[in-house]
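The figures here come from the full heavy-atom set of this structure, side chains too, leaving out hydrogens, waters and symmetry mates.
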Amino acid sequence: MKSFKFKSLLPVLGIATIFATNNVQAEGRLTVYCSVQNSVCEDMTKQFSQKYNVDTKFVHGGTGTIFGKVKAESANPQADIWFGGTIEPHFQAGELGLLEEYRSPLQAEVLPQFKGLIESEQGKFTSIIYMLALGFGVNTEKLAKLGVETPQTWEDLLDPRLKGEVQLPDPRSSGTTYTVITTLSALWGEEKTFKYLKQLNANVSQYVKSALVTSNLARGESAVTIGFVHSYTTEKEKGAPVEAVIPQGKVGYALGGVSILKNARNLENAKLFMDWVLSKEAQEIPAKNHKVYQTPTNVNADVAPQSTKADALEFVEIDYQKAGSSDEGKRLVDKWLTEIKLAK
């Protein structure tokens, strides 16, 4: 029987899990900073450990939180690889010299839509592991009580009847709202985007951690949330009165990144982990085992019926050279904090 044990590590972020097996295929250790669902982190690291006989532990945290740790620990890295989370902070980390250069041979299997990005300078440090479509989640029971139709456009979220009924993540800890800002800026320009976000703020009850956005919606603590639509599909399958809405017009999206940290103590195992998570086998795990319907980016991976098809929608064109700049990321988050969150 395979055995594993739980070990508390950095409890402010999450639980680190250590796995050990008897398969003699590789050796040594690996520490993963993980920015996908905690259950997926646990399963992925466990399966990797069992497949390659590498003692593997993970620390769970939101994209912004992990990015902050990577910056703070640059002189003494406490992990080897960063798995998951929106790709812009990964690119920003690469620009800051915080990542190890590694082009996995499995980059050759990425969907053709993203070939240009992965072949760019940024692809020397970060690979793409999934795609997420940006939209709304609605609690249908809550909307019915409020007498509000299901929103279909971004402007619909400004309905005064939704005052105190909207939630979205805080961009200081989550990459989701940064994706909202870059998406709307691509559609409307930055000035109109921040004017819109100021108006939307009147309807926002609170800006929370990304994991709470969906669970709060499912419990009826909010009527509408902004996030990635695959998470709403999962809640609906659990029986919650939740529906996913992809807004009219061009659709925002995010790509999930994976990057090896500069001066990783377990570099070869980090490369092995990156190769594995880019594979068809690994990219099918979230949907098959956890009903997490992110869209695989390996061209050979089976796409669950519940997942968004990468070629089915017209996506907003994101300037990743700009959005992936560390200066731009800091500027936009600081602007959001000053003009929206802390504005009187």
Is there a donor-acceptor pair closer than 3.5 Å between any side-chain N or O of E88 and the backbone N or O of G324? no
Using a distance-only test with no angle check, is there a side-chain donor-acceptor pair under 3.5 angstrom linking T153 and D156? yes
Does some side-chain heavy atom of V224 sit less than 4.5 Å from a side-chain heavy atom of L162? yes
Heavy-atom check, side chain of L261 versus side chain of I81, under 4.5 Å: no
Does either side chain, that of E42 or that of N38, offer a donor lying less than 3.5 Å from an acceptor on the other one? no
Heavy atoms only: give me the nearest S120-R103 pair and the separation to one decimal. O-NH2, 2.7 Å
So which heavy atom on W276 is nearest to which on Q47, and how close? CH2-CB, 3.9 Å
Considering only NZ, NE, NH1 and NH2 on the basic side and carboxylate oxygens on the acidic side, decide whether K309 and D311 come within less than 4.0 Å. no
OG of S185 to CH2 of W188, rounded to nearest 0.5 Å, is 9.5 Å
Does the pair E281 and K51 meet the rule for a salt bridge (charged side-chain N to carboxylate O under 4.0 Å, His left out), with working shown? CA-CA 12 Å; E281 171 197 355; K51 186 177 181 71; 3.6 Å; yes
Could you go through the side-chain contact (heavy atoms from CB on, under 4.5 Å) check for T225 and T214 one step at a time? CA-CA 7 Å; T225 63; T214 305; 5.5 Å; no
Crowded around K163 NZ? As in, over 12 foreign heavy atoms under 6.0 Å? no
Would you say T126's side chain and G123's backbone share a donor-acceptor pair under 3.5 angstrom? no
Cation-pi between K192 and F194: NZ/CZ under 6.0 Å from ring centre and within 45° of the ring axis? no
Please tabulate, one pair per line, all N/O donor-acceptor pairs under 3.5 Å involving side-chain atoms of residues 89-96, not counting sequence neighbours.
residue	atom	partner	partner atom	Å
H90	ND1	S259	OG	2.8
H90	NE2	G84	O	2.9
H90	NE2	G257	O	3.4
Q92	NE2	A323	O	3.1
E95	OE1	S326	N	2.5
E95	OE1	S326	OG	2.6

Closest approach of T179 and A254, non-hydrogen atoms and distance? OG1-CB, 4.0 Å
Counting C-beta onward and ignoring hydrogens, is there a side-chain heavy-atom pair between E109 and L278 closer than 4.5 Å? no
Where at least one partner belongs to residues 239-250, residue pairs that pass side chain to side chain donor-acceptor pair (under 3.5 Å), sequence neighbours excluded: K236-E243
So, taking the atom named CG in L212 and the one named CG in D170, what distance separates them when rounded to the nearest 0.5 Å? 11.5 Å
Of all heavy-atom pairs linking V213 and L168, the shortest is CG2-C, 3.9 Å
Considering all heavy atoms, the nearest S35-G61 contact: OG-O, 2.9 Å
The single option from T31, D80, L30 that satisfies side chain to side chain contact (heavy atoms under 4.5 Å, CB included) with R265 is D80
When clusters are formed by joining ILVMFWY residues with side-chain heavy atoms under 4.5 Å apart, either directly or through shared neighbours, do V299 and Y293 land in the same one? no
How about S127 and Q107: does a side-chain donor come under 3.5 Å of a side-chain acceptor? yes
Is any side-chain heavy atom of T176 closer than 4.5 Å to a side-chain heavy atom of F228? yes
Take V59 and V32, measure what side-chain contact (heavy atoms from CB on, under 4.5 Å) needs, and give me the verdict at the end. CA-CA 6 Å; V59 178; V32 181; over 6 Å; no
Regarding K115 and E119, does a basic nitrogen lie under 4.0 Å from an acidic carboxylate oxygen? no
SG of C41 to NZ of K57: how many Å apart, nearest 0.5 Å? 15.0 Å
Check: F58 ring centroid to Y33 ring centroid under 6.0 Å: no
Test item: L184 and V180 side chains (from C-beta on) under 4.5 Å apart, heavy atoms: yes
Applying the side chain to side chain contact (heavy atoms under 4.5 Å, CB included) test to T86, which of T182, T63, T177 qualifies? T63
Can you check side-chain contact (heavy atoms from CB on, under 4.5 Å) on I246 and L313, steps first, answer last? CA-CA 10 Å; I246 293 179; L313 298 169; 3.7 Å; yes
Look at the side-chain heavy atoms of Ile, Leu, Val, Met, Phe, Trp and Tyr, link any pair under 4.5 Å apart, and say whether I128 and V303 land in one connected group. no
Output for pair (T193 OG1, I181 CD1), nearest 0.5 Å, gives 8.5 Å
Verify the ring-centre separation between W336 and Y207: is it less than 6.0 angstrom? yes
Answer yes if the side chains of E237 and Q306 hold a donor-acceptor pair under 3.5 Å, and no otherwise. yes
Could you tell me whether the side chains of Q113 and Y253 share a donor-acceptor contact shorter than 3.5 Å? no
Over 12 non-hydrogen atoms of neighbours within 6.0 angstrom of CD in Q321: no
Ignoring hydrogens and geometry, is there a side-chain-to-backbone donor-acceptor pair from N298 to Q283 under 3.5 Å? no
What pairs of donor and acceptor atoms, side-chain ones from residues 131-144 against any protein atom, are under 3.5 angstrom apart with sequence neighbours left out?
residue	atom	partner	partner atom	Å
N139	OD1	E141	N	3.2
N139	OD1	K142	N	3.0
N139	ND2	L217	O	2.8
T140	OG1	P241	O	3.2
K142	NZ	E165	OE1	2.9
K142	NZ	G220	O	3.0

Contact between F83 and I129 at the side-chain level, heavy atoms closer than 4.5 Å - yes or no? yes
Among K195, K322, R331, exactly one meets salt bridge (charged side-chain N to carboxylate O under 4.0 Å, His left out) together with E190. Which residue is that? R331
In short, E235 meets A218 closest at the heavy-atom pair OE1-CB, 3.5 Å
M274 side chain near L272 side chain, heavy-atom distance below 4.5 Å: no
Can you measure from CD (Q78) to CD (E73) and round to the nearest 0.5 angstrom? 5.0 Å
Test item: T295 and S307 side chains (from C-beta on) under 4.5 Å apart, heavy atoms: yes
side-chain contact (heavy atoms from CB on, under 4.5 Å) between V36 and Y130, intermediate numbers included: CA-CA 11 Å; V36 297; Y130 55 78; 3.6 Å; yes
Does V333 offer a backbone N or O that forms a donor-acceptor pair with the side chain of R172 under 3.5 Å? no
Would one find more than 12 heavy atoms of other residues, nucleotides or ligands at under 6.0 Å from atom NZ of K280? yes
Check: T65 main-chain N/O paired with S173 side-chain donor or acceptor under 3.5 Å: no
Any side-chain donor-acceptor pair under 3.5 Å between D275 and S104? yes
For a quick check under 3.5 Å, do N216 and Q167 share a side-chain donor-acceptor pair by atom type? yes
When rounded to the nearest 0.5 angstrom, what is the spacing between NZ in K288 and CG in D43? 12.5 Å
